[in-house]
Amino acid sequence: MVYNAMIHPLLSFSIKGVLWYQGENNVGNAEPYTDWLTCMIGDWRNHWNSELPFYIIQLPNFDSINKKPLWAEMRDAQSKVLAVSGTHLIVTSDLGDPYDLHPRNKQKVGMRAALQALHYEYGYSDIVSESPMFERMEINGDKVIITFKNTGSGLEIRSRYGCLQGFAIAGEDKKFHWALGELKDNRIVIWSPKVPNPVAVRYNWENNPDGNLYNKDGLPACLFRTDNW
């Protein structure tokens, strides 16, 4: 019904692309969302007979009370849609309100979306528009070294004290502990005295995260996890 009323009437118009800012109603049922959104993108492209670019605005931080990371799971499902060609992700994990499902800070969300549209659709290739994304990790003794892509002008920790936040590591027991860390040679090095033999890492894996890793161009790092527990 929503498609027939709000999307189908637009099929006679040419459009440049799609900004997709939805997903709140799917929180708590994130597992099928990647496939659902992938199918929808394909369907819309078929209807418009065009490889429409899709700009997916990841859900912002919300719900500081619920201990189950339902919103993190949903953000992760959104990020997995990047496997579809012509899709992009706008990270907003620092722009929400832990107590308001509809945060008022829409201007910065729009600005980040505009950066990507300008970069990919309007030829402003010099604009840094992507958030840092997890690329790989290396384990060196009790430390984990994490490399990111989309670092722009370089990574930075946004803290007046230089303290890194938002990373957790676990050993074979699958119990995560908050990690200490530092920025070194544009990579993140983390460790925890409680995890002498780390095997997995998570970043910002919370409903209302407080991770403070950015690139110097002002874009926050995207959440990730290396486990499938």
Side-chain angles (χ1 to χ4, degrees), residues 23-24 26-38 56 58-84 87 89-94 96 98 130-151 155 157 163-215 219-229:
E24 294 89 343
N26 300 95
V27 171
N29 189 30
E31 185 174 354
Y33 187 83
T34 302
D35 289 338
W36 289 347
L37 185 53
T38 297
I56 302 162
Q58 201 176 47
L59 293 184
N61 52 304
F62 175 68
D63 189 0
S64 60
I65 298 175
N66 194 343
K67 298 303 180 182
K68 294 183 178 180
L70 301 180
W71 284 70
E73 292 171 359
M74 187 62 198
R75 295 181 198 114
D76 187 49
Q78 291 175 310
S79 69
K80 290 178 179 176
V81 183
L82 291 178
V84 179
T87 59
L89 188 72
I90 295 100
V91 178
T92 66
S93 56
D94 58 338
E130 298 275 6
S131 282
M133 303 283 288
F134 171 79
E135 186 170 32
R136 66 180 184 274
M137 77 171 188
E138 306 166 39
I139 298 175
N140 185 4
D142 64 345
K143 292 183 172 60
V144 181
I145 304 168
I146 304 169
T147 302
F148 288 82
K149 56 185 178 181
N150 306 332
T151 57
L155 296 175
I157 298 170
C163 298
L164 184 65
Q165 299 172 182
F167 283 89
I169 59 178
E172 293 288 354
D173 62 359
K174 300 182 181 181
K175 294 181 180 179
F176 279 89
H177 300 273
W178 293 118
L180 303 171
E182 63 179 352
L183 176 60
K184 186 176 182 180
D185 298 328
N186 212 39
R187 296 190 295 176
I188 293 297
V189 181
I190 58 173
W191 65 91
S192 170
K194 296 181 180 180
V195 187
N197 298 296
V199 299
V201 177
R202 293 179 179 180
Y203 175 67
N204 264 3
W205 201 257
E206 295 183 282
N207 297 327
N208 183 46
D210 61 355
N212 59 352
L213 180 64
Y214 288 72
N215 60 28
L219 299 173
C222 183
L223 93 168
F224 70 88
R225 66 174 178 178
T226 64
D227 66 282
N228 59 1
W229 305 333

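Values in this document were obtained by computation on a predicted structure and should not be read as measured data.
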* Run the side chain to side chain contact (heavy atoms under 4.5 Å, CB included) check on Tyr203 and Ile190 step by step: do they pass? -> CA-CA 11 Å; Tyr203 175 67; Ile190 58 173; over 6 Å; no

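- Residues passing the side chain to side chain contact (heavy atoms under 4.5 Å, CB included) test with Asn61, sequence neighbours excluded: Arg75, Pro98, Asn208, Pro209.
- For residues 192-211, every residue pair satisfying the salt bridge (Lys or Arg N to Asp or Glu O under 4.0 Å) rule, not counting sequence neighbours, is listed here: Arg202-Asp227.
- Here the closest non-hydrogen pair linking Ala170 and Trp229 is CB-CZ3, 3.8 Å.
- Separating the OG1 atom in Thr38 from the OH atom in Tyr33 is a distance of 9.5 Å, to the nearest 0.5 Å.
- Between Thr151 atom OG1 and Glu130 atom CD the span is 12.0 Å, to the nearest 0.5 Å.
- Counting heavy atoms from C-beta on, the side chains of Leu89 and Cys222 come closer than 4.5 Å.
- For Asp94, the salt bridge (charged side-chain N to carboxylate O under 4.0 Å, His left out) partners two or more places apart in sequence, or in a different chain, are Arg112.
- Checking side-chain atoms of Ser131 against main-chain N and O of Pro220 turns up a donor-acceptor pair under 3.5 Å.
- When Val195, Val189, Val201, Val199 are each tested for a side-chain contact (heavy atoms from CB on, under 4.5 Å) with Val144, only one passes: Val201.
- Nearest heavy-atom pair across Ser192 and Ala179 is CB-CA, 4.5 Å.
- Atom CE of residue Met74 and atom CZ of residue Phe62 lie 14.0 Å apart, to the nearest 0.5 angstrom.
- What you find for Ser93 and Asn204 is that their closest heavy atoms are OG-ND2, 3.9 Å.
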Can you give me every donor-acceptor pair (side chain of residues 76-83, partner residue at least two apart or in another chain, under 3.5 Å) with its distance?
from: Gln78; atom 1: OE1; to: Leu59; atom 2: N; distance (Å): 3.0
from: Gln78; atom 1: NE2; to: Gln22; atom 2: O; distance (Å): 3.2
from: Ser79; atom 1: OG; to: Asp76; atom 2: O; distance (Å): 2.7

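- A distance-only check finds a donor-acceptor pair linking the side chain of Asn207 to the backbone of Trp71 [under 3.5 Å].
- No side-chain heavy atom of Ile56 sits less than 4.5 Å from a side-chain heavy atom of Ile90.
- Contact check for Leu213 versus Leu155: side-chain heavy atoms found under the 4.5 Å cut-off.
- Going from atom CD1 of Ile169 over to atom CG of Leu180 covers 8.5 Å, rounded to the nearest 0.5 Å.
- Ala168 and Trp178 make their closest contact through CB-CE3, 4.1 Å (heavy atoms, listed as atom of the first residue, atom of the second, distance).
- Sequence neighbours left out, not one pair with a member in residues 164-183 passes salt bridge (Lys or Arg N to Asp or Glu O under 4.0 Å).
- Among pairs with a residue in residues 135-149, those fulfilling salt bridge (Lys or Arg N to Asp or Glu O under 4.0 Å) read Arg136-Glu138, Glu138-Arg187, at least two apart in sequence or across chains.
- Between the CG atom in Leu70 and the CG atom in Asp63 there is a gap of 7.5 Å [rounded to 0.5 Å].
- Using cut-offs of 30° and 60° on the angle between ring planes, the pair Phe148 and Phe167 is perpendicular.
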